[in-house]
Engineer: 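Below are the structure tokens for one structure; questions will follow.
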Amino acid sequence: MDGSIEFTMGLSQGIAWPWPIAVYLFFAGISGGALSVALFIRFYKQQTENTAFLKAASLMSLVTISLGMLCLVLDLTNPLFFWRILVFYNLNSVMSIGVIALSAYIPLVALVTLFALEDEIRKFPALRFLLPVIAKLRGVRAPSEKVVLLLALSVCAYTGFLISALIRFPIINTSVLPALFVASGLSAGAAAAKMLAVGLFKEELHSSDMKVLHGIEWPIMAAEILFIFMLAMSLFTGNAGMQSAFTAFHSGTWASVFWIGIIGIGFVGPLLLNFATSKAFSHSAKALYMSGMCAVVGMMCLRLFIIYAGQNHGI
Amino acid sequence: MSENLERRRFLKCLGASSLIIAPLGCSSVEEEGESDQPHYTMVFDQNKCTGCGECKLACTTANNLPEGKSRLLLEQQSGGVVGEVCPHCGKTDCDCQRKYVRVSCQQCKNAPCVTVCPTGAAHRDEKTGIVTMDASKCAGCKYCIGACPYDARFINKETDVADNCDFCLNSKLSKGELPACVQACRYDALIFGDLNDPNSYVSKLLRVKDAVRMKPGFGTEPSLRYIPIVKLGV
């Protein structure tokens, strides 16, 4: 910054990665998070039946990762070049490693969803052709669930590693980002799958699965707050470039997204809904949907904040 | 006995899997250049640049870029041009010295764009070590643009792929010519040559002149050197 010579212009004209990338990071986080939580519960409680939450989480995971891929492809300068990423690899590149992980993850999520939704598939005549496939692959169900759990967590973390490689932006180039994205993916993924489980698969509001979920939500949220605090403090106490990036937290449009979206809606919202309301309300379906939406909206704001505030505060 | 067989089978599997896994470690990108490779360097002398912009025009023509687009920019840092505000003091009429600086790919030895590129489209040319693009591999993901600490890469709207200054590798160097901007500069503000050759003009120049690199804190080791205007009082 104090060099004898410096230039401040750039050739790229604008932000390299705009909002579709933030939406992709959001969808990939929900997908990995929802499936991880469902499989954690499945292994922890040694479930063998297809619970409503597993059905909801795997369906949610499949749909969100597909939408995420759509965002990713549409953000390429020419979406028809997509095949090149699948054909050429550079193992030094985080993105290339992510492509390898995703190309194993997506088919496995589809497979896990098939197994989980077997009963539903049986009900729809149009989907019956899938039943022999399920019957044939039943033997690989247990191993594929174990592998997909690992991949789901990797996908969440990968979205953090992917952008933290951009060394020009102090908010993005931090080592806590993958951990933050795993934590926020788990909490928003669990919230999204919970809403789908109650809404579509008629899960009871106070079933034993839901009780486990309620129990793990708060520690994950605490971890998330801690990671965001770590990120902010490392910038606040860092070098000149980091300190100038810290202004993103208190001035400009993205500061409002941070305080209203992430802190207000994402953290304070669910806390108030659960602890500041009457027991009758906080145990109702309405409260579940409202705090679930808060978690999801907060996560989307977090991704937008990191992508935009990050790229607006380069060195 | 059975234990022995198990071990033998294990060793066999180990051998076979190493044959399969070892090639996976070979990526399509070579980071380390050979020692007898040239190290092409460009020097921008701020004392000589007048901001005429001929280098930009020459770049556009030589590399068939869309009109008005070039792989380099000239940033005016101070000094008034008739009718324009001085970027340094903010006045339209000032006594500041007119100062320009070249903005372009810094040709880093440790290039983040090459590391992050998922397809190996942003790569180092085997013979010259110059960072260049293989347009047929680029997927247009813009990872290289975000990763470049100098914001020196852009999307070529005609080809839809990323682009950067590669010292005119394919348009001029391969024909034995100097880069188009160097040829076009009438004030000798741009000097180009092989730093690994002790007899080249750049080597001799950099031995006696103080030159700096842009944003050395990123550790990318750029091959572009700048000779800044330094005034030691009046």
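Order of the sequence lines fixes the chain letters, A, B, ..., with proteins taken first and strands second; residue numbering starts at 1 for each chain.
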Engineer: Checking Gln77(B) side chain against Glu6(A) main chain: does a donor-acceptor pair fall under 3.5 Å?
Structural biologist: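 Yes; judged by distance alone, with no hydrogens or angles, the pair exists.
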
Engineer: Is it the backbone or the side chain of Phe82(A) that comes under 4.5 Å from a heavy atom of chain B, or both, or neither?
Structural biologist: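 When you check distances to chain B, no heavy atom of Phe82(A) falls under 4.5 Å.
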
Engineer: Under the side-chain hydrogen bond (donor to acceptor under 3.5 Å, both in side chains) rule, collect the residues that match up with Arg153(B), sequence neighbours excluded.
Structural biologist: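 Arg153(B) satisfies side-chain hydrogen bond (donor to acceptor under 3.5 Å, both in side chains) with no other residue.
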
Engineer: So which of Phe218(B), Phe154(B), Tyr150(B) has the largest heavy-atom pair count under 4.5 angstrom toward chain A?
Structural biologist: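 The residue among Phe218(B), Phe154(B), Tyr150(B) with the greatest pair count is Phe218(B).
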
Engineer: Please report the interatomic distance NZ(Lys215(B)) to CZ(Arg168(A)), rounded to the nearest 0.5 Å.
Structural biologist: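 One gets 7.5 Å once the value is rounded to the nearest 0.5 Å.
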
Engineer: Considering only heavy atoms from C-beta outward, does the side chain of Phe7(A) approach that of Leu73(B) to under 4.5 Å?
Structural biologist: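 Contact flag for Phe7(A)/Leu73(B) side chains = no.
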
Engineer: Measuring from Ile145(B):CD1 to Ile15(A):CD1, what's the distance to the nearest 0.5 Å?
Structural biologist: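 Answer rounded to 0.5 Å: 12.5 Å.
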
Engineer: Taking side chain as everything from C-beta outward and backbone as N, CA, C, O, which of these in Pro112(B) sits under 4.5 Å from a heavy atom of chain A? Side chain, backbone, both or neither.
Structural biologist: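 Answer is side chain: those atoms of Pro112(B) sit under 4.5 Å from chain A.
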
Engineer: Just so I understand: if I count every heavy-atom pair under 4.5 Å between each of Leu11(A), Asn173(A), Val94(A) and chain B, which residue has the most?
Structural biologist: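 With the most close heavy-atom pairs to chain B, the winner is Leu11(A).
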
Engineer: Can you label the angle between the Tyr143(B) ring and the Trp17(A) ring as parallel, tilted or perpendicular, going by 30° and 60°?
Structural biologist: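 Correct class here is parallel.
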
Engineer: Do you know which of Ile172(A), Ile97(A), Val73(A), Leu162(A) has the most heavy-atom pairs with chain B at a distance under 4.5 angstrom?
Structural biologist: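 Among Ile172(A), Ile97(A), Val73(A), Leu162(A), the one with the most close pairs to chain B is Leu162(A).
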
Engineer: Can you sort out the partners of Asn78(A) under side chain to side chain contact (heavy atoms under 4.5 Å, CB included), two or more places apart, ordered by chain and number?
Structural biologist: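 Once residues adjacent in sequence are excluded, the partners of Asn78(A) under the side chain to side chain contact (heavy atoms under 4.5 Å, CB included) criterion are Leu80(A), Phe81(A), Asp160(B).
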
Engineer: To the nearest 0.5 angstrom, please state how far the SG atom of Cys148(B) sits from the CD1 atom of Ile167(A).
Structural biologist: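 Spacing of SG (Cys148(B)) from CD1 (Ile167(A)) equals 8.5 Å.
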
Engineer: Checking Val212(B) against chain A: side chain, backbone, both or neither under 4.5 Å from a heavy atom?
Structural biologist: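 Only the side chain of Val212(B) comes within 4.5 Å of chain A.
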
Engineer: Scan side-chain atoms only and decide if Asn92(A) and Thr115(B) contain a donor-acceptor pair under the 3.5 Å cut-off.
Structural biologist: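 On atom types as modelled, these side chains do not qualify, holding no pair under 3.5 Å.
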
